[in-house]
Undergrad: 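I have a structure I would like to understand better, so I am pasting it below and will then ask my questions one at a time.
Hydrogens, waters and symmetry mates are skipped; everything else that's a heavy atom, side chains included, is used. In what follows, every chain begins at residue 1, and chains take the letters A, B, ... in the order their sequences are listed.
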Number of protein chains: 4
Amino acid sequence: MNKVILIGRLTRDPDVKNTTSGKTVATFTLAVDRRFKNKDGQKEADFVPIVVWGIVQQYLSKGSQVGISGRLQVRSYDDNDGKRRYVTEVIAEEVNFIGGKKDSGNQRQVAEGPPMGLDEDFHLMADDDDIPF
Amino acid sequence: MNKVILIGRLTRDPDVKNTTSGKTVATFTLAVDRRFKNKDGQKEADFVPIVVWGIVQQYLSKGSQVGISGRLQVRSYDDNDGKRRYVTEVIAEEVNFIGGKKDSGNQRQVAEGPPMGLDEDFHLMADDDDIPF
Amino acid sequence: MNKVILIGRLTRDPDVKNTTSGKTVATFTLAVDRRFKNKDGQKEADFVPIVVWGIVQQYLSKGSQVGISGRLQVRSYDDNDGKRRYVTEVIAEEVNFIGGKKDSGNQRQVAEGPPMGLDEDFHLMADDDDIPF
Amino acid sequence: MNKVILIGRLTRDPDVKNTTSGKTVATFTLAVDRRFKNKDGQKEADFVPIVVWGIVQQYLSKGSQVGISGRLQVRSYDDNDGKRRYVTEVIAEEVNFIGGKKDSGNQRQVAEGPPMGLDEDFHLMADDDDIPF
DNA sequence: TTTT
DNA sequence: TTTT
């Protein structure tokens with residue numbers, strides 16, 4: 001069991017890429033407000049990297065409020081100094097468009113993940129850009 | 001809204017520390033099996049860093065199977081080269097002990113998080129060890 | 001583990017009651033849109049009974065959009081014909097106010113549930129009204 | 001957004017039916033332990049009706065411990081006295097087999113739900129038995 | 001009995 | 001680097 005459920009807002013427009021096998025993947029950061037103010041009385045947020053397989057960028061832009069349900073994924077890689085680094089991201093499986101846009105109340109069921117072989121393509125992509133966000 | 005729900009097994013005994021303000025915090029890594037085998041037919045897992053405020057180490061050890069519900073937290077810090085690094089961890093709010101130990105079926109409600117000022121202590125702690133896992 | 005997470009809108013103003021022990025409880029129905037249209041092309045919703053311990057009615061009214069996280073509770077009782085009936089409700093533990101009101105983005109942590117003995121009071125209350133919605 | 005996550009044990013073997021359109025549906029009740037003992041010091045449980053589309057009965061039997069993730073569904077019908085009755089059930093979308101059987105750690109992704117027209121068949125079925133549990 |  |  002691996003479930004993540006978040007409500008937040010996009011900090012920027014999604015970054016959209018196509019894999020060599022023809023899949024579309026959008027990545028963005030979701031600002032999720034924390035429940036409590038910090039000791040300085042400031043509201044804080046967690047900035048969570050989100051990956052969505054499928055075409056959603058037409059529904060999402062900077063500031064959009066969404067509910068995301070998906071799973072937590074932890075990838076590791078070795079950086080240039082040979083130190084192991086970890087990348088944690090939420091792979092979205094459902095995106096709910098909430099809040100005051102014309103898409104309000106709608107929802108898109110997104111692809112479960114890359115089909116066989118796609119992970120490889122994705123890593124090829126990632127070679128160019130290190131990691132996708 | 002920020003919810004994470006995981007079922008997995010501890011990869012090692014929890015690492016327990018006490019803050020200067022007298023709180024106990026346990027950290028460990030949870031191995032969460034992925035749903036699908038990879039393209040080589042291997043089962044993979046995500047290794048998720050977990051933080052539990054409160055005394056749970058007496059219930060948890062390497063190999064224990066648990067259900068965790070909590071929230072995703074993303075901290076950032078600047079490493080020695082001035083590069084911004086991110087640490088993602090799950091702050092557990094509930095721990096369910098499942099699987100075949102004498103505590104099976106039990107559950108502990110854990111503290112919501114550190115009270116005012118504790119985060120600072122925690123960072124002092126973290127100075128020694130970089131990050132807690 | 002028993003978690004429910006819903007996003008929806010109140011079908012009416014909350015119904016607020018006070019227990020004999022001085023606790024406040026609000027109940028309402030949440031309309032949660034289904035993911036898919038039915039075979040007639042109609043959008044449908046599930047109408048889920050929600051119970052919130054604590055004072056939230058000042059933040060909630062008919063049409064308010066909220067995220068609810070809580071737990072599923074199934075109560076049983078015998079009706080007048082001696083037939084066992086079941087009441088399923090979601091006990092809210094967190095309420096997120098989303099959507100376009102002045103409270104937008106805020107959140108209230110609500111009480112975990114009635115303390116010792118309160119359930120009884122609640123049942124006394126329920127005698128008057130059968131079940132609270 | 002409509003998510004339910006439960007860990008519990010089957011109170012009995014699943015009840016398996018086939019729809020006229022050839023789909024298989026299993027229903028059972030999941031006993032989910034409550035977090036706290038009641039005021040008499042007794043452990044209590046919620047008994048939650050679960051519906052799983054697809055063939056899982058070979059993996060599930062009375063006493064099996066499972067994690068269920070799915071959605072809450074509320075159906076209504078009018079009883080013989082013309083009184084509106086509600087049936088609340090969890091439509092499972094994922095079933096995790098946990099606890100000490102040979103299937104331990106495995107998981108089955110189950111069908112999303114009945115395809116077009118199936119609901120009707122299901123209601124036909126339900127005519128015989130009132131509701132499926 | 002239902003919300004947008 | 002961050003959203004309202």
Undergrad: I'd like to check A:Val16 versus A:Val56 (side-chain heavy atoms, cut-off strictly below 4.5 Å). Are they in contact?
TA: no
Undergrad: Which residues satisfy the side-chain contact (heavy atoms from CB on, under 4.5 Å) test with A:Ser69, sequence neighbours excluded?
TA: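 With sequence neighbours excluded, A:Ser69 shows a side-chain contact (heavy atoms from CB on, under 4.5 Å) to A:Ile5, A:Glu94, D:Met1, D:Lys3, given in chain and number order.
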Undergrad: Specify the separation, in whole Å, of atom CD of C:Gln65 and atom P of E:dT4.
TA: 11 Å
Undergrad: Provide, to the nearest angstrom, the distance between the CE atom belonging to B:Met1 and the P atom belonging to F:dT4.
TA: 21 Å
Undergrad: Considering only E:dT2, F:dT2, E:dT3, which nucleotide approaches the side chain of D:Tyr86 most closely?
TA: E:dT2
Undergrad: Expressed in angstrom and rounded to an integer, what is the separation of C:Asp33 atom CG from E:dT4 atom P?
TA: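 So the CG-P distance, C:Asp33 to E:dT4, works out to 11 Å.
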Undergrad: Look at the side-chain N and O atoms of A:Arg12 and state whether any lies under 4.0 Å from the OP1 or OP2 oxygen of F:dT3.
TA: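 For F:dT3, neither OP1 nor OP2 has a side-chain N or O of A:Arg12 closer than 4.0 Å.
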Undergrad: Between C:Leu30 (CG) and E:dT2 (C1'), how many Å, whole number?
TA: 11 Å
Undergrad: Just jot down the side chain to side chain donor-acceptor pair (under 3.5 Å) partners of C:Asp81, sequence neighbours excluded, or say none.
TA: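 None.
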Undergrad: Please report, rounded to the nearest Å, how far the P atom of F:dT4 is from the CG atom of A:Leu60.
TA: 14 Å
Undergrad: State which of F:dT3, E:dT3, F:dT1 makes the closest approach to the side chain of A:Thr11.
TA: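 Per side-chain heavy atoms of A:Thr11, the pick is F:dT3.
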Undergrad: Taking CZ from A:Arg34 and C1' from F:dT2, how many angstroms apart are they, rounded to a whole number?
TA: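 Interatomic distance, CZ of A:Arg34 to C1' of F:dT2: 14 Å.
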